[in-house]
Amino acid sequence: MLPVFGENEHKVLHALKLNGFNQTYSVKKKIKETSLYSVYLLSVKKKTLTRDEVLLIEHPPAKESSAHILPININELGTTTETIQKIAEAVYAHFARNPYWFR
């Protein structure tokens, strides 16, 4: 997992706003970036509660980008390997539900 600074963080926050996510997010880490999608670990602040969420940004060729918060519970006590495995499973499940990716 790589730290995210500057322009990349701005792109992520812009994608969140364009897709209607109004919560206060900060980007913690870039998990993966490919030519078709990017995955980021976000920190969400809600009043006194802070939790982590996973953002998937799809950017396929000749289509508009879209952002998705994946339904995954990040346990801060888990190991990095466990966290990456949970994220990989959630990304796979997201694409398995989307028929566009399997044409």
Side-chain angles (χ1 to χ4, degrees):
M1 292 191 282
L2 304 170
V4 176
F5 300 107
E7 186 177 329
N8 281 333
E9 184 171 19
H10 177 71
K11 287 179 186 178
V12 170
L13 297 177
H14 182 69
L16 285 167
K17 285 182 184 179
L18 286 178
N19 285 275
F21 296 103
N22 297 322
Q23 299 179 27
T24 304
Y25 291 96
S26 61
V27 183
K28 288 179 75 173
K29 303 275 183 185
K30 176 171 47 174
I31 307 292
K32 184 172 187 170
E33 188 166 21
T34 72
S35 61
L36 298 175
Y37 67 93
S38 303
V39 181
Y40 295 90
L41 182 61
L42 305 177
S43 180
V44 183
K45 288 191 176 188
K46 282 188 170 182
K47 297 183 183 180
T48 59
L49 176 67
T50 301
R51 62 189 166 91
D52 292 341
E53 292 186 349
V54 177
L55 172 69
L56 169 67
I57 300 176
E58 296 179 44
H59 37 81
K63 280 191 80 179
E64 197 168 316
S65 295
S66 61
H68 310 274
I69 299 293
L70 299 180
I72 182 173
N73 183 18
I74 301 296
N75 180 1
E76 289 193 14
L77 301 176
T79 66
T80 301
T81 302
E82 292 170 338
T83 301
I84 295 297
Q85 184 176 357
K86 282 183 181 181
I87 292 169
E89 289 169 0
V91 169
Y92 177 80
H94 171 82
F95 287 125
R97 288 189 305 270
N98 188 339
Y100 169 79
W101 294 102
F102 293 105
R103 287 185 193 170

As an exercise, state the distance from [atom1] of [X] to [atom2] of [Y], rounded to the nearest 0.5 Å.
X	Y	atom1	atom2	result
I69	L56	CD1	CG	9.5 Å
D52	L41	CG	CG	4.5 Å
K29	I87	NZ	CD1	11.5 Å
I57	S66	CD1	OG	9.0 Å

- Message: With a 4.5 Å cut-off on side-chain heavy atoms, are T79 and E82 touching?
- Response: yes
- Item | Sub-4.5 Å side-chain heavy-atom contact between L42 and V12 |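 They are in side-chain contact.
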- Message: Checking E58 against H94 for the side-chain contact (heavy atoms from CB on, under 4.5 Å) test, could you report, in this order, the C-alpha distance in whole Å, the side-chain angles of both residues, the deciding distance, and whether it holds?
- Response: CA-CA 11 Å; E58 296 179 44; H94 171 82; 2.5 Å; yes
- Minimum heavy-atom separation for A67 to A15, with atom names? CB-O, 4.1 Å
- Task: Give the intermediate values and the outcome of side-chain contact (heavy atoms from CB on, under 4.5 Å) for residues Y25 and L55.
- Result: CA-CA 10 Å; Y25 291 96; L55 172 69; over 6 Å; no
- Task: Please test V39 against V54 for side-chain contact (heavy atoms from CB on, under 4.5 Å), starting from the C-alpha separation and ending with a verdict.
- Result: CA-CA 7 Å; V39 181; V54 177; 3.6 Å; yes
- Candidate pair I31 and T83, rule side-chain contact (heavy atoms from CB on, under 4.5 Å), full reasoning: CA-CA 10 Å; I31 307 292; T83 301; over 6 Å; no
- Query: Going by atom types alone, do E64 and H59 pair a side-chain donor with an acceptor below 3.5 Å?
  - Reply: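 E64 vs H59: no donor-acceptor pair found between side chains.
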- Mind checking side-chain contact (heavy atoms from CB on, under 4.5 Å) for T34 and listing every partner two or more places apart, or none if nothing turns up? K32, L36, Y37
